[in-house]
A.B. asks: 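Sharing a structure with you now.
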Amino acid sequence: MVISSEKFPVPFHAKWMIACGLSFIIIFSRQEGRFFHGIAMGFANLLTTLLSSISAFADIISYIRLFAVGLAGIEIAKASTASPQALGPTSPALLPGGIILLFGHALNLAMGSLSVVVHGIRLNMLEFSGHLGMECRESPTNLLRSKK
């Protein structure tokens, strides 16, 4: 997807806000006592700081994936509601329509609950644990082994 500056112009004040934010990052990111030494360290570590900000942006995008899962649940709910309605309001269609309605919404609730838990665990275990320096063990553990 290409974003056009004519179709989606960046406001003038937004450019100043971005410039101020970057300058604050350079000035205050490495302050450890002496102010001007901290500014020099901010410039020295500018590449590392920019790369870590890209990593933070990727983490935000991962949370947007959770919102996409919620939107998918809305569409599944719409389809589960529309399918029995397509059968019509006649008496023979009430039982199959009710089964489709109950099964579709029950499945949607189960998938929605599981997806939030699974994606949350994936975000915490795979992505955010790396920021803390945590690593997974390579040796297998036997948690259910009986102690002798």
Side-chain angles (χ1 to χ4, degrees), residues 1-89 93-94 96-144:
M1 180 170 106
V2 177
I3 298 177
S4 168
S5 62
E6 291 83 27
K7 190 172 182 180
F8 301 106
V10 177
F12 182 73
H13 66 278
K15 294 176 184 178
W16 281 103
M17 291 173 70
I18 292 170
C20 287
L22 287 175
S23 63
F24 286 156
I25 288 171
I26 292 169
I27 293 170
F28 297 113
S29 66
R30 302 289 180 187
Q31 291 296 328
E32 296 173 358
R34 295 181 301 181
F35 182 72
F36 292 108
H37 179 70
I39 293 174
M41 291 302 293
F43 276 112
N45 294 319
L46 186 60
L47 181 64
T48 307
T49 304
L50 291 176
L51 290 176
S52 65
S53 66
I54 292 171
S55 175
F57 180 72
D59 293 340
I60 292 169
I61 296 299
S62 293
Y63 272 110
I64 290 175
R65 188 181 305 129
L66 288 173
F67 293 116
V69 168
L71 288 175
I74 291 171
E75 294 303 318
I76 292 172
K78 287 180 184 177
S80 298
T81 302
S83 296
Q85 289 176 347
L87 295 175
L94 289 178
I99 292 172
I100 292 170
L101 189 69
L102 289 175
F103 179 74
H105 285 296
L107 183 66
N108 188 25
L109 287 172
M111 287 191 320
S113 300
L114 282 174
S115 66
V116 170
V117 171
V118 168
H119 282 304
I121 289 173
R122 187 192 64 78
L123 281 173
N124 289 329
M125 295 302 295
L126 295 179
E127 295 182 15
F128 295 134
S129 62
H131 297 304
L132 300 175
M134 297 172 58
E135 295 181 9
C136 296
R137 292 183 61 171
E138 294 181 12
S139 61
T141 58
N142 294 321
L143 296 176
L144 301 177

A.B. asks: In Å, rounded to the nearest 0.5 Å, how long is the span from CD1 of Ile25 to CG of Leu50?
C.D. replies: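 Here the rounded value is 7.5 Å.
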
A.B. asks: Which heavy atom of Leu101 sits nearest a heavy atom of Ser80, and at what distance?
C.D. replies: CD1-O, 3.5 Å

A.B. asks: Can you tell me how far apart CG (Leu71) and CD1 (Ile64) are? Round to the nearest 0.5 Å.
C.D. replies: 11.0 Å

A.B. asks: Residues in side-chain contact (heavy atoms from CB on, under 4.5 Å) with Phe103, at least two apart?
C.D. replies: Leu107

A.B. asks: Check whether any side-chain heavy atom of Ser29 lies under 4.5 Å from a side-chain heavy atom of Asn45, and answer yes or no.
C.D. replies: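 The answer is no; the side chains never approach within 4.5 Å.
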
A.B. asks: Check for a donor-acceptor pair, side chain of Ser115 on one end and backbone N or O of Gly112 on the other, with a separation under 3.5 Å.
C.D. replies: yes

A.B. asks: Glu6: what forms a side-chain hydrogen bond (donor to acceptor under 3.5 Å, both in side chains) with it, not counting sequence neighbours?
C.D. replies: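 Listed in chain order: Ser4.
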
A.B. asks: Out of curiosity, Leu51 CG to Leu47 CG, how far, rounded to the nearest 0.5 Å?
C.D. replies: 4.5 Å

A.B. asks: May I ask you to decide if the ring planes of Phe28 and Phe24 are parallel, tilted or perpendicular, using 30° and 60° as cut-offs?
C.D. replies: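 Plane angle between 30° and 60°, so tilted.
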
A.B. asks: Minimum heavy-atom separation for Gly88 and Ala93, please, with both atom names.
C.D. replies: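 Scanning both residues completely, I find the closest heavy atoms to be O-CB, 3.7 Å.
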
A.B. asks: In Å, rounded to the nearest 0.5 Å, how long is the span from OG of Ser113 to CG of Asn108?
C.D. replies: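 Answer rounded to 0.5 Å: 9.0 Å.
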
A.B. asks: For Phe35, is the CZ atom crowded, meaning more than 12 foreign heavy atoms sit under 6.0 Å from it?
C.D. replies: yes

A.B. asks: Using a 3.5 Å distance criterion without hydrogens, assess whether the side chain of Gln31 forms a donor-acceptor pair with backbone atoms of Ile27.
C.D. replies: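 Checked: pair present.
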
A.B. asks: Any side-chain heavy atom of His105 sitting closer than 4.5 Å to one from Ile76?
C.D. replies: no

A.B. asks: CG of Leu22 to CE of Met17: how many Å apart, nearest 0.5 Å?
C.D. replies: 12.0 Å

